[in-house]
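A, B, ... follow the sequence lines: proteins, then strands. Residue 1 opens every chain. Note that this is a predicted model, so its numbers are computed, not measured.
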There are 2 protein chains.
Amino acid sequence: MSLMRIGEKPEIARLPLFRDMDDAMRERVLSGSFLQVFPPQLTLFERGQQADFLHVLVDGLVELYVSGTGRDTTMKIVEPVTSFILAAVMTDLPYLMSARTLTSSRVLLVPAALMREVIRKDTALMQATMHELALGYRDMVRALTDMKLRQSAERLANHLLEFSAQRGNAWDFELSGEKRVLASLLGMTPENLSRAFGTLKEHGVNISGARVRIEDRAALAAFARPDPLPADR
Amino acid sequence: MSLMRIGEKPEIARLPLFRDMDDAMRERVLSGSFLQVFPPQLTLFERGQQADFLHVLVDGLVELYVSGTGRDTTMKIVEPVTSFILAAVMTDLPYLMSARTLTSSRVLLVPAALMREVIRKDTALMQATMHELALGYRDMVRALTDMKLRQSAERLANHLLEFSAQRGNAWDFELSGEKRVLASLLGMTPENLSRAFGTLKEHGVNISGARVRIEDRAALAAFARPDPLPADR
DNA sequence: GAACCATTTTGATCTTGGTCAAACGGACAG
DNA sequence: CTGTCCGTTTGACCAAGATCAAAATGGTTC
């Protein structure tokens with residue numbers, strides 16, 4: 001039944017979520033799952049559906065979003081290798097977010113029932129799940145405070161600093177995905193994102209196309225006033 | 001060492017978090033904890049501090065908030081009987097939110113180290129913690145989408161509907177706490193909250209002081225366009 | 001290299017919500 | 001009963017961001 005190629009296993013086994021669990025149990029989970037390739041712009045699941053699978057993005061780029069009345073909003077951009085929608089799977093409640101691929105992506109699909117069954121038996125997996133959910137909660141707390149008490153250019157500035165930090169404090173990098181998606185993630189319109197980049201030009205950031213160059217990190221940080229608490233992961 | 005009075009135990013033992021755990025273990029947790037009474041407007045802990053205690057509000061009203069640059073924002077109003085800041089305790093990371101009492105409150109303080117120790121041993125507690133964190137995550141997802149794609153009067157309308165639902169669809173109730181706090185929770189200024197209440201007058205809501213009367217639930221719902229997905233708890 | 005397409009940017013204008021100031025009102029002390 | 005204090009409401013104004021329209025940019029195909 002497993003459509004999973006051997007080559008992927010080490011990467012997945014190294015995930016915080018699966019890292020500490022019993023080897024036999026992990027084998028059981030992985031052999032009950034399947035790896036699928038999806039084209040770009042494909043909807044993986046919709047908000048409101050029963051949570052049938054835990055998803056692990058192995059390769060590509062996935063957007064988690066919510067379509068409200070009229071407009072949509074991007075909640076998270078998932079980069080490999082990361083699991084997503086753990087909370088819905090765990091609680092056996094409907095998905096709160098929809099997911100679509102942004103680029104062609106490979107996704108490991110772990111049947112939710114299997115996941116829940118193994119969690120009950122494997123304490124290490126349960127602990128890892130708990131930890132993962134706690135970190136996810138904290139991410140959301142940060143995102144919400146960001147939205148509530150920062151304005152748009154400041155949010156962009158912080159996002160750039162964080163993004164840079166994620167790639168070893170690179171001062172020169174490419175934005176992944178389209179700007180419209182970034183705008184939605186940051187809670188603004190594409191037009192406004194453009195203007196926000198304009199504002200940041202005067203605070204040490206140079207942009208051309210998708211290429212961002214942080215010319216003056218101190219100036220950018222002074223404008224962004226980043227959270228003094230370090231990121232959790 | 002236990003300052004806990006016998007009278008509180010049944011209520012606390014009935015909490016989803018502690019309900020299913022081993023009786024002896026629960027006894028161990030509760031006897032290692034203490035119940036304290038705090039006056040109104042007292043800071044229980046500050047964002048950035050080490051998470052020393054899991055808190056359980058037994059009686060009173062507590063505000064979780066974040067003080068950013070200049071302004072504050074309310075993240076949650078905790079009503080009894082509820083545990084709070086589970087994620088920080090679980091991960092042994094600093095608090096992301098500060099907490100203050102709004103009214104005189106009784107709080108059970110469970111030492112974080114004790115909590116973490118017992119979680120490791122008691123699978124039922126671990127499972128309950130996991131579940132609680134998942135629900136907390138989902139709460140935050142909802143709050144963030146609310147902030148990102150609804151405008152202020154709409155957020156108020158939804159809050160009123162939810163608040164009403166929490167008390168058995170009462171159409172007539174009192175707001176708990178001050179309006180300034182409600183405004184901050186909903187991500188607006190007190191002035192704007194006033195105007196939002198004004199807007200809702202034309203949509204079936206009557207207000208005088210802290211007393212809210214929903215005269216026309218259908219009209220309010222039409223304006224609020226509430227989430228079709230039911231609340232998780 | 002030219003034409004075409006989608007995305008991004010720019011500009012003008014409008015809406016929402018924030019700010020500041022003043023009036024109002026209810027709770028409480030004297 | 002009356003004055004004081006604090007939270008709330010109202011009003012006038014301002015600023016941030018959304019919307020709408022049009023121009024520019026960049027990549028792709030023929």
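Computed from coordinates, the A:R180 CZ to D:dA18 C1' distance equals 16 Å when rounded to whole Å. For the pair B:L156 CG and D:dT9 C1', the computed distance is 15 Å after rounding to whole Å. Note: CG (B:L149) to C1' (D:dG17) measures 16 Å, nearest angstrom. Residue A:M147 contributes atom CE, which lies 12 Å from atom C1' of D:dG17 at whole-angstrom precision. Rounding to whole angstrom units, NZ of residue A:K179 and P of D:dA24 are separated by 18 Å. Between A:Q151 atom CD and D:dC14 atom P the separation is 18 Å, expressed in whole Å. The NZ atom of A:K148 sits 11 Å away from the P atom of C:dG18 (whole-angstrom rounding). Regarding B:E178, its CD atom lies at a distance of 16 Å from the P atom of C:dG26, rounded to whole Å.
Between B:Y95 and B:F84, a ring centre-to-centre spacing not shorter than 6.0 Å is recorded.
Within 4.0 Å of A:R71, counting heavy atoms only, lie sugar-phosphate atoms of the nucleic acid but no base atom.
Taking a 6.0 Å sphere around NZ of A:K76, one finds it holds 12 or fewer heavy atoms contributed by other residues, nucleotides or ligands.
A salt bridge between B:R167 and B:E79 is present, with a side-chain N of the basic residue lying under 4.0 Å from a carboxylate O of the acidic one. Electrostatic pairing of B:R47 and A:D227 counts as a salt bridge here, judged by a charged N lying under 4.0 Å from a carboxylate O.
There is a side-chain donor-acceptor pair under 3.5 Å between A:R217 and A:S164. A donor-acceptor pair shorter than 3.5 Å cannot be found between the side chains of B:R150 and B:T145.
Contacts between residues 186-208 of chain A and DNA chain C, defined by a heavy-atom separation under 4.0 Å, are made by A:E191, A:S194, A:R195.
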